[in-house]
Participant: 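Right, I'll just put the structure down here and ask away after.
In what follows, residues are counted from 1 in the order of the sequence shown.
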Amino acid sequence: MRISRLTPWAAGLAAVALFAVPAAASAGQQGTAAPRTPGAAPAAAASYDAYYAPAEGKTGAALKAALHDIIKTQSKVSYDGVWNALKATDQDPANPNNVILLYSGRSQSKSTNGGGANDWNREHVWAKSHGDFGTATGPGTDLHHLRPEDVTVNSTRGNKDFDKGGSPVGEAPGSLTDADSFEPRDAVKGDVARMLLYMAVRYEGGDGFANLEMNDKVNNGTAPLFGRISLLKQWNQMDPPDAFEQRRNQVIFDVYQHNRNPFIDHPEWVNSIW
C-alpha cells in the first residue's frame, strides 16, 4: 500500500520540513551516520515509497517479516552518542535550545541532561530488562524507542509494562502508575505504542539480541516480552502520528540510523500484523 500525499500522516510529514534538522552526531563503531549540512530539512513527504516496496500487498506474519528485513539495515549509535542524538530528535519546535520530555511533556534545556533530580536522562520505552539487552549497540541504543525524560519520572516508570490506571505521577501530568504498570499522558499514547511495536518487528533474535515480542500481560519481568498489546493497538488509533513524531522519524532516518519506524509512516499496519 502506497502512502498518498492526501492521507493525514503523509500530510503531517510534509509539515516536518518546516523544522530545521541539526547536524549529525557521531555514530557507533558498527556504522557511520551520513553527514548533513546544519539546518538541512528532512526529505519530502511520500518520498519513501520505494523503501517499503518489499512490504506492499502483504499482511500478517508475511508483512512483519518483510518489514523486519527492511528496517534491520541501520547504522548503530553508541550509548554516549544517544545524548546528542536526542537533543536533535526531540528538539522543541518552539525553542531549539530545549527538548520535549516524553511522559512529562515539559520543554527543558538540552544542557540539563544528566543524573540529577530535575535533569533529563535516556528513557528506554522498551525497558532494557525485558530481554536483558543492556546499553550495547542494538536495542539498547536504538533511537526509535529512546526518549528524553525527567530522571525522577524515568525511575517511577522503571521497567513496568503499559496499562491503564493507577495514581498520578508527579512531574508527569496526565500519566498514571501502579505496582505493575504505567499509563502515559494521552498526547503520547500512540507514540509509546508505535515505539514498542517497532521494537517487536526490528529485533527478531537473528542478530545476537533477544527476540522481542508483544503479549497482552503485565509483570513480564526479564522475559523479552511487553504488554499489553490490546491496549497499545487502541492507543495507536486514538493518538495517530503527529508532526513531532513524524519529524523525529525522519531525523533518525536522515541523520542517524537510516532506518524508519514503519508504524509512524503506516499506522494501519499495526492491525494488519497484530
Side-chain angles (χ1 to χ4, degrees), residues 1-3 9-10 13 16 21 23-36 40 42-82 84-86 88-89 124-126 128 131 133-147 194-214 224 241 245-270 272-273:
M1 175 180 177
R2 291 185 180 275
I3 297 179
W9 44 88
L13 184 57
V16 305
V21 181
S26 60
Q29 309 93 312
Q30 300 177 39
T32 303
R36 287 180 63 86
S47 64
Y48 44 80
D49 281 351
Y51 182 75
Y52 291 120
E56 287 188 9
K58 295 181 170 64
T59 60
L63 175 58
K64 186 172 186 252
L67 292 176
H68 169 73
D69 285 342
I70 293 167
I71 66 177
K72 71 181 181 181
T73 301
Q74 68 180 95
S75 297
K76 308 297 195 302
V77 180
S78 71
Y79 199 46
D80 283 343
V82 167
N84 283 334
L86 293 181
T89 60
H124 290 80
V125 177
W126 187 294
K128 56 185 181 291
F133 51 73
T135 55
T137 53
T141 68
D142 196 312
L143 294 170
H144 282 296
H145 84 118
L146 281 159
R147 300 292 291 267
R194 288 180 284 274
M195 285 186 279
L196 293 173
L197 299 175
Y198 161 87
M199 294 291 282
V201 171
R202 167 61 186 87
Y203 297 99
E204 295 281 35
D207 51 4
F209 297 103
N211 179 14
L212 307 182
E213 295 293 346
M214 306 304 304
E245 190 180 1
Q246 290 163 328
R247 175 193 176 275
R248 188 176 197 279
N249 195 28
Q250 194 69 38
V251 172
I252 293 171
F253 179 71
D254 283 346
V255 182
Y256 296 99
Q257 295 184 180
H258 311 303
N259 71 339
R260 304 184 69 85
N261 182 333
F263 304 113
I264 296 174
D265 297 327
H266 281 280
E268 76 280 6
W269 279 344
V270 172
S272 295
I273 295 175

Participant: Who pairs with R194 by side chain to side chain donor-acceptor pair (under 3.5 Å), at least two apart in sequence or on another chain?
Facilitator: N236, E245
Participant: Under the side-chain contact (heavy atoms from CB on, under 4.5 Å) rule, collect the residues that match up with S272, sequence neighbours excluded.
Facilitator: L63, W269
Participant: Using side-chain contact (heavy atoms from CB on, under 4.5 Å) as the criterion, list what pairs up with K64, not counting sequence neighbours.
Facilitator: V201, E204, E213, I273, W274
Participant: What do you reckon, are the aromatic ring centroids of Y51 and F253 less than 6.0 Å apart?
Facilitator: yes
Participant: Just jot down the side chain to side chain donor-acceptor pair (under 3.5 Å) partners of H144, sequence neighbours excluded, or say none.
Facilitator: N259
Participant: Do the side chains of W126 and F133 get nearer than 4.5 Å, heavy atoms only?
Facilitator: yes
Participant: What is the distance from atom CD1 of I71 to atom CG of N261, rounded to the nearest 0.5 Å?
Facilitator: 7.0 Å
Participant: Just jot down the salt bridge (Lys or Arg N to Asp or Glu O under 4.0 Å) partners of K72, sequence neighbours excluded, or say none.
Facilitator: D69
Participant: Please find the pair of heavy atoms, one from A210 and one from G131, that lie closest to each other, and give the distance.
Facilitator: CB-O, 3.9 Å
Participant: Taking only residues at least two apart or on different chains, which pairs with a member in residues 134-145 satisfy salt bridge (charged side-chain N to carboxylate O under 4.0 Å, His left out)?
Facilitator: none
Participant: Could you state the interatomic distance from CD1 (I264) to CG (N249), rounded to the nearest 0.5 Å?
Facilitator: 4.0 Å
Participant: Do P262 and Y198 have side chains that approach each other closer than 4.5 Å (heavy atoms only, starting at C-beta)?
Facilitator: yes
Participant: Apply ring-ring contact (aromatic ring centres under 6.0 Å, His included) to H124 and list each qualifying residue two or more places apart in sequence or on a separate chain.
Facilitator: Y79, H145
Participant: State the CG-CZ distance between L196 and F263, to the nearest 0.5 angstrom.
Facilitator: 11.0 Å
Participant: Which distance, rounded to the nearest 0.5 Å, do you find between the CZ of R202 and the CG of L67?
Facilitator: 12.5 Å
Participant: Drop me the distance from Q74's CD to R260's CZ, to the nearest 0.5 angstrom.
Facilitator: 14.0 Å
Participant: Taking atom CZ of R147 and atom OG1 of T89, what is their separation to the nearest 0.5 Å?
Facilitator: 7.0 Å
